[in-house]
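Report on one structure; see the data block that follows.
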Amino acid sequence: MADQGKNKLHVYNTLSREKELFESLNAPHVGMYVCGPTVYGDPHLGHAKSYVSFDVVLRYLRYLGYKVRYVQNITDVGHLVGDAEEGEDKLSKQARIEQVEPMEIAEKYTYSYFRDMDKLNVLRPDIAPRASGHIPEQIAMVKKLIEKGHAYNADGNVYFDVSSDEEYGKLSGRKTEDAESGTRVDVASDKKNPEDFALWKKADDGHIMKWDSPWSIGYPGWHVECSAMSTKYLGESFDIHGGGLDNQFPHHECEIAQAECAHDAPFVKYWMHNNMVTLEGQKMGKSLGNAINLDQFFTGNHDLLSRGWPPEVIRFFLLQSHYRSTTDFSEEALSAAEAGLKNLHSMVMAIDKAEPGSGTAFDLDGLKHAFETAMNDDFNSAQAIAVLFDQLKEVRKNINNGQAPENLDTLKILLHSIVEEVLGLWPKQASGSNEETLNGLVELLIEIRTQARSDKNFELSDKIRDDLDKLGVKLMDSKDGTTFTID
RNA sequence: GGCGACAUGGCCGAGUGGCUAGGCAGAGGUCUGCAAAACCUCGUACGGCGGUUCGAAUCCGCCUGUCGCCUCCA
């Protein structure tokens, strides 16, 4: 474990509604499961917030020395558009619209999901199990629930009997009586009670994605895939389960019910939920006409956007607020984040490029401690970023004054682990030999320009600077010479 | 209607019973052929009304507003 002193990681647990000391069930191992996407559409800002948030959770746990196994499912089994008895499943519907096989839809959007997450520098899960590849495990769990009297078969449809589980509702704090009053009760339902939920549904003739089972040819209920797959890869009890706040009920509540009734063991120790994203103060939704997917954000290819916003800006913006707060996206806010990120990058690069000097040693422990204190408080990345600005400013100043700290090399290592490994915000760099060539060329132009300047040939010197600027190379003059940055 | 969360300076956004969060934007200045960058200085905010307290933006109550969940959703 990293040296944390008395300062230990605390995690807000939705189960207790409190921040709790984090203690893994089987240290140094940590099992972490986060609900993955249903792959029937391009990922949007909401996915970005959720997966960037848990990416930092994962990265910080690893920074602390935990051996984390990170599992994130891919929901590629079509579930109903609504929860009514009839209705079309989401993948089939999209397949019909795009006139392809449902599995082509799943493949296509699995691809775009990982493509966009990669751009956001979100680490891939260690295991990304597909629901369609785990039908036997799901059937086995349903069987077990029937055997134990927690589920019943109603003519090929299998439902979980909520009344058989006294603890149902403990995550969301919801009483089943509450739900009844507000929800339209489906009169034609073959459920014993309206709050019972499907474990297995019989497929009608038009349903394409279906499998054989002891009860009917059909398909599994939405909730059971997560219980079955998390159990398979992380065991009956594991440490962290994450997801969006909107999944708290009914999805996660149902997962708990299934898993705990099937295994008679506590399912998850810490439940974590990220808050939602709004756009200009409004919920995003297709019906509201403001649903912008991530690729459109990156490229700016949308009527509501004046330009594209680089993935790293979106990541930085998200990390500047807490994962349990709602995040409101606006171009004004993104623009501020972009400038802030640029500033952070320039500090980090100034330090990374500098050589140790004779200046006073930088207080490494102070930075490490302040960073960890922030992150230990339920992954407060916003505070952690403030710490960086606060403390690195001084170092840059000293470097500029020729007073680089003597322990700069150690600082660089710490900075890499904080900014690169944990926050995933390290500046992008041109790669390998190209970079050397490029730097050499720019330095050559700077030499020529310096000569022009000393000859008072400002026409030439300004042309060099302006033309390089158009190519994304910014020159900055100072007493000690000219430095440059490359976008 | 039921349940829950949140309301912080121009914008974003941490925090918290008494001491400057931070970023962006803005103003002035240093430097500079000019520009940019960097550096220095500047803002005394916490929805409203009550209450607890020596003291609250921070705790309690009420009100208002926003958002979420209650149906698939990260």
Side-chain angles (χ1 to χ4, degrees), chain A residues 14 17 34-38 40-41 43-54 75 78-84 87 89-90 93 169 172-175 177-184 186 195 222 242-251 273-278 281-286 316-317 320-330 332-344 346-347 350 374 377 380-391 393 396-397 399-401 453-454 456-458 461-462 465-466 469 474-479 482-485:
Chain A
T14 308
R17 316 246 161 206
V34 171
C35 286
T38 301
Y40 70 108
H44 51 68
L45 283 175
H47 295 98
K49 165 127 179 148
S50 190
Y51 300 116
V52 166
S53 298
F54 288 107
T75 298
H79 297 293
L80 293 182
V81 174
D83 195 28
D89 89 49
K90 287 179 288 197
K93 185 181 177 190
S172 59
R174 204 175 296 261
K175 300 217 166 53
E177 306 88 68
D178 297 339
E180 282 182 66
S181 59
T183 312
R184 10 166 242 251
D186 194 337
E195 66 269 24
W222 173 40
L245 200 54
D246 52 347
N247 273 333
Q248 191 175 308
F249 187 89
H251 185 51
H273 292 95
N274 64 276
N275 216 315
M276 313 304 281
V277 162
T278 55
Q282 279 215 304
K283 182 186 167 142
M284 282 197 319
K286 281 175 187 168
F316 179 72
F317 179 62
Q320 267 195 305
S321 70
H322 191 92
Y323 75 90
R324 282 192 291 115
S325 312
T326 53
T327 302
D328 183 44
F329 275 79
S330 65
E332 191 185 0
L334 281 170
S335 177
E338 181 173 55
L341 178 62
K342 194 178 157 200
N343 191 210
L344 178 67
S346 90
M347 283 196 288
D377 182 15
N380 193 336
S381 54
Q383 183 62 40
I385 289 169
V387 165
L388 288 176
F389 277 108
D390 237 10
Q391 301 208 10
K393 209 175 244 185
R396 172 163 64 180
K397 201 196 300 181
I399 289 171
N400 287 344
N401 295 339
R453 287 178 71 211
S454 60
K456 307 268 186 220
N457 183 354
F458 298 123
S461 69
D462 287 352
R465 186 176 62 199
D466 294 346
D469 185 68
K474 288 212 169 19
L475 301 189
M476 288 152 296
D477 298 327
S478 75
K479 272 183 203 158
T482 302
T483 57
F484 65 93
T485 61

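So that the names make sense, note that chain A is the first sequence line, chain B the second, and so on, each numbered from 1.
Put simply, the side chain of A:Asp477 and the base of B:A35 share a donor and an acceptor less than 3.5 Å apart. In terms of polar N and O atoms assigned as donor or acceptor, the side chain of A:Asn343 never comes within less than 3.5 Å of the base of B:G23 in a complementary pairing.
Distance from the side chain of A:Arg396 is smallest to B:C39 among B:C34, B:C39, B:A74. Looking at the side chain of A:Asn247, the nearest of the listed nucleotides B:A74, B:C40, B:C34 is B:A74. Each of B:A21, B:G13, B:A74 was ranked by its minimum atom distance to the side chain of A:Ser321; first place goes to B:G13. For A:Ser346, taking side-chain heavy atoms from C-beta onward, the closest of the listed nucleotides B:A21, B:A38, B:G33 is B:A38. Distance from the side chain of A:Arg465 is smallest for B:C34 among the nucleotides B:C34, B:C24, B:A14.
A donor and an acceptor atom, one from each side chain of A:Thr482 and A:Asp477, are located under 3.5 Å apart.
In terms of phosphate contacts, A:Ser325 brings a side-chain nitrogen or oxygen within less than 4.0 Å of OP1 or OP2 of B:A14. Regarding contacts with the backbone of B:G15, a side-chain N or O of A:Asn380 is found under 4.0 angstrom from either OP1 or OP2.
For B:C11, the paired nucleotide is B:G23, the pair qualifying as Watson-Crick or G-U wobble because both relevant distances are below 3.5 Å.
For A:Phe389 and B:G23, the ring-to-base geometry does not satisfy the stacking test (centroid distance below 5.5 Å, interplanar angle below 30°).
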So which protein nitrogen or oxygen atoms get under 3.5 Å of nucleotides 7-11 of chain B's nitrogens or oxygens?
none

Taking only nitrogen or oxygen atoms into account, show me every contact under 3.5 Å that the protein makes with nucleotides 44-46 of chain B, one pair per line with its distance.
none

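Between A:Arg396 and A:Ser346, the closest side-chain pair of non-hydrogen atoms falls below 4.5 Å.
Here A:Phe54 lies out of heavy-atom contact (under 4.0 Å) with every strand.
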